[in-house]
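A short worksheet on the structure shown next.
Note on naming: letters A, B, ... go to the chains in the order of the sequence lines (proteins, then strands), and numbering restarts at 1 for each one.
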Amino acid sequence: MKRKLTSLLEKSIQAGMDAGLLPPPVPSHIEVELTKDPSHGDYASNVAMLLAAQARKNPREIAKILSEGIADPEGVLERVEIAGPGFLNFFVRGGAFAVLLETVDRQGDLYGSSDLGRGRRIQVEFVSANPTGPLHIGHARGAVVGDVMANVLTAVGHQVFREYYINDSGNQMNNLGESVLLRYRELLGETVTFPEGCYRGDYIRDLAAELLKRDGDRYLHEKPEEIIPLFTDYAGGAILEGIKEDLRLFGVGFDLYFSERELYRDDGVGKLLRELQEKDFIYREGEALWFRTTAFGDEKDRVVIRQNGDPTYFAADIAYHRNKFLRGFETVIDIWGADHHGYIPRMSAAVQALGYEKDALKVILVQLVNLLRDGKPVAMSTRSGEFVTLREVVDEVGKDAARYNFLMRRSDSHLDFDLELAKRQSIENPVYYVQYAHARICSILRMAAERGVDLPGFSQVDATLLRLPEEIDLIKTIARFPEVVEGAARTLEPHRLTFYLNDLAAIFHSYYNKNKVLSDDGGLTAARLFLVGCVLTVLKNALKMLGVSAPEKM
RNA sequence: GCCCCUGUAGCUCAGACGGAUAGAGCGACGGAUUCCUAAUCCGCAGGCCCCGAGUUCGAAUCUCGGCAGGGGCACCA
């Protein structure tokens, strides 16, 4: 409908220019919006006010020219009014809205999807927690945001690849191995002291116990530096398996778990650094190698090889990002915790130094979750082992409620997550509001089936019978769904879906309470059944994008 | 000190590319169920859009300067 009105306006503008009433050019983007106030019609455009500037005429005068120039062969419009400072208000003929539902009927499960992305390849990297401990609630938010972002991008026609980068090399992994070794020795009766930086969680002791059970005490007298790699591999592997399982239970899947170690095979990182050194993006100062990230706006250059010869995390990440682009992704999206925001300029610099457009890398920052229990902050630290795991949240709160909650706010907004509150008030959780709308419609359809009435298709109903204000409202909202998906994809803001769903569910619930779908009037019953069937389709499609279930009964 | 995010109703938050009288949920208060699921609905109340300038026909939205909260400023990841 929006598109139709936009095109009518465009033609009118063109006609006005041809007649010499308006100066060219035609604006590149004509805005037509849904109105908030019914007295402003159904849709409105501010285009006359925009044209007024270049025409140096009164906006209302321009609006008059435009409204008179509109040709409406299909009879979509009842009337066009000029209002306020120069708005064009479109009043759509009642029956014309019903046509919008034809698309829903035709597209079914695909309604809301489009091919705007034209199959362009996008990679989304998210979670990427290093396997030194189980995923905690902070990771959960990034996991959902990334997962749904990928779903949304897929829906608008991109070819999306989901990836988890495993930081399975370097200091932190070494600390992990050492931590397990220390617990292992402790289990064998030694008194050990844990140095700063070691992991203390219970899971470390569990891993040590498993290793002890499997291999006995034979590592007790080995030299630590020789035996730590074995401990690291064992622990890292086991933890990673746990992470994968937790994500699976949370409904989050990946196309690839990419190991950092891969990058070092055949001296891959070293070769890349030498290449960049030849291009003068890397230089030596003292014993260390530095990347000239200041050439692209970073505030200082960054070390890639330390004095001791070890590469930094950054060095591997440069190689990783080049690897992504070499695999043919046009756009690469990284989803990071907000505590990594200082890392953006250097990563962006690296991408540009590698010869890719700045825009080819998009970084989404997800603010950290402020975890509460009964209103009191819960201390979170992987090293001390004090944290609430993703697994616990899924078990306590449930997958659907947890996922939905993480999408209730913009990613860059702080999020309080109170475990007790989430549990206690779970029945009042917004996710149930939306799911309930879905279940209610299913219930109506079941009842209709019992009476021998099937869900009709568009061609079987007289959709012009749907003319109550609430019905028009529902139709408009249903018609908005594809735009919401597109908007979420364009701005990389998946939270728009939950807000839309709340809107749609609210309008439906209100309609449901006021009007009977099933009645003695066969024609009206069919039309209304068809309408709620369309609502059902949208709810189902949207919930699927969110990875939240759509129950038929509650 | 520098950089990023946030600041909107009692609380938690939306607010599209600058548009008309700034919205929702929760909470408070008052109502609705012989009828497709009351996990619902209806009504009512609640505002210095952090402050101050600027840009313009028009600013919660854009610019500049402040204030407050959070985060970041590693040869950690």
Review point. If you round to the nearest 0.5 Å, how far is CZ of R302(A) from OG1 of T312(A)?
Key: 10.5 Å

Review point. For RNA chain B, whose closest nucleotide is more 5', that of S45(A) or that of E552(A)?
Key: S45(A)

Check your understanding: Does the pair R480(A)/D503(A) count as a salt bridge with the N-to-O cut at 4.0 Å?
Key -> yes

Practice item. Indicate, with a heavy-atom threshold strictly under 4.0 Å, whether D301(A) touches base, sugar-phosphate, or nothing. Key: nothing

Exercise for review: Would you mind telling me which residue lines up with the more 5' stretch of RNA chain B, A338(A) or N130(A), judged by nearest nucleotide?
Suggested key: A338(A)

Practice item. Could you give the distance separating G47(B) and G1(B) at their P atoms, to the nearest angstrom? Key: 36 Å

Review point. Between G72(B) and C26(B), how far is it from one C1' atom to the other, in whole Å?
Key: 33 Å

Exercise for review: For A38(B), take OP1 and OP2 only and decide whether either is under 4.0 Å from a side-chain N or O of R440(A).
Suggested key: yes

**Study point:** Donor/acceptor link under 3.5 angstrom from D339(A) side chain onto base of A77(B)
**Key:** no

Exercise for review: Answer with base, sugar-phosphate or nothing: what part of the nucleic acid does N405(A) contact at a heavy-atom distance below 4.0 Å?
Suggested key: nothing

Review point. Does OP1 or OP2 of C42(B) have a side-chain N or O of S510(A) closer than 4.0 Å?
Key: yes

Check your understanding: Does a side-chain N-to-carboxylate-O contact under 4.0 Å join K324(A) and E125(A)?
Key -> yes

Exercise for review: Tell whether H340(A) reaches the base of A77(B) with its side chain through a donor-acceptor pair below 3.5 angstrom.
Suggested key: yes

Exercise for review: Can you tell me the pairing partner of U55(B) across any strand shown, Watson-Crick or G-U wobble, with both distances under 3.5 angstrom?
Suggested key: none

